[in-house]
**Q** 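Take a look at the following structure, please.
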Amino acid sequence: MLQETTEKSDDEWKKVLTPEQYHVLRKKGTERPFTGKLYHNKKNGVYACAACGQELFSSDSKFESGTGWPSFWDVISSDQVRLQEDNSNFMHRTEIVCSRCGGHLGHVFDDGPKPTGKRYCINSVSLDFKEAEEEEKNAES
Ligand code: FE
């Protein structure tokens, strides 16, 4: 049951996540830029929360931001994420968390490309990539 994942205790999260995932998703850490496995990923598919599996971003909205983290100009649906004020590290930022499990994903900024002007700056370790099925290509013949 996916719903149960929202009620995991800290110890339970520690068991199901890698140490790096735990640090970012549960302790609001940030992975080092240019190190994430999905930063250069250009395949078609969907990016889901690595902790609970909720689908968050489409490859259609991914863009090269030059920041070192996977960046998107939109979420699949605004219901999938929660935005909250983050005033840590002497900065004023807007944090993005998964609406289902509360996992920390990254931050959103107002310097993204059109049409939204948003830049969702997301940690690679907070995401699982699901590549689109090949059958979409074959269906045309
Ligand atoms: Fe989640």
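Indexing begins at 1, ligand by ligand and atom by atom, following the structure's order.
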**Q** Name all residues meeting the ring-ring contact (aromatic ring centres under 6.0 Å, His included) criterion together with F129; count only those two or more places apart in sequence or in a different chain, and write none if there are none.
**A** Y47

**Q** Evaluate the side-chain contact (heavy atoms from CB on, under 4.5 Å) criterion for residues V46 and F57: first the C-alpha distance (whole Å), next the side-chain angles of each, then the deciding distance (0.1 Å), finally the verdict.
**A** CA-CA 6 Å; V46 169; F57 302 98; over 6 Å; no

**Q** When you compare the side chains of E31 and H23, does any donor N or O come within less than 3.5 Å of an acceptor on the partner?
**A**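 Looking only at side-chain atoms, H23 and E31 do not form any donor-acceptor pair under 3.5 Å.
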
**Q** When V24 is tested against each of V125, I122, L105 for side-chain contact (heavy atoms from CB on, under 4.5 Å), which residue passes?
**A**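 Result: among V125, I122, L105, V125 is the only option passing the side-chain contact (heavy atoms from CB on, under 4.5 Å) with V24.
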
**Q** Using a cut-off of 2.8 Å, how many protein N, O or S atoms lie below it in distance from the Fe ion (ligand 1)?
**A** 4

**Q** Going by atom types only, do D86 and S88 share a side-chain donor-acceptor pair under 3.5 Å?
**A**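 Yes.
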
**Q** Does E64 pair with K42 as a salt bridge, N-O distance under 4.0 Å?
**A**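 Salt bridge flag = yes for K42 with E64.
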
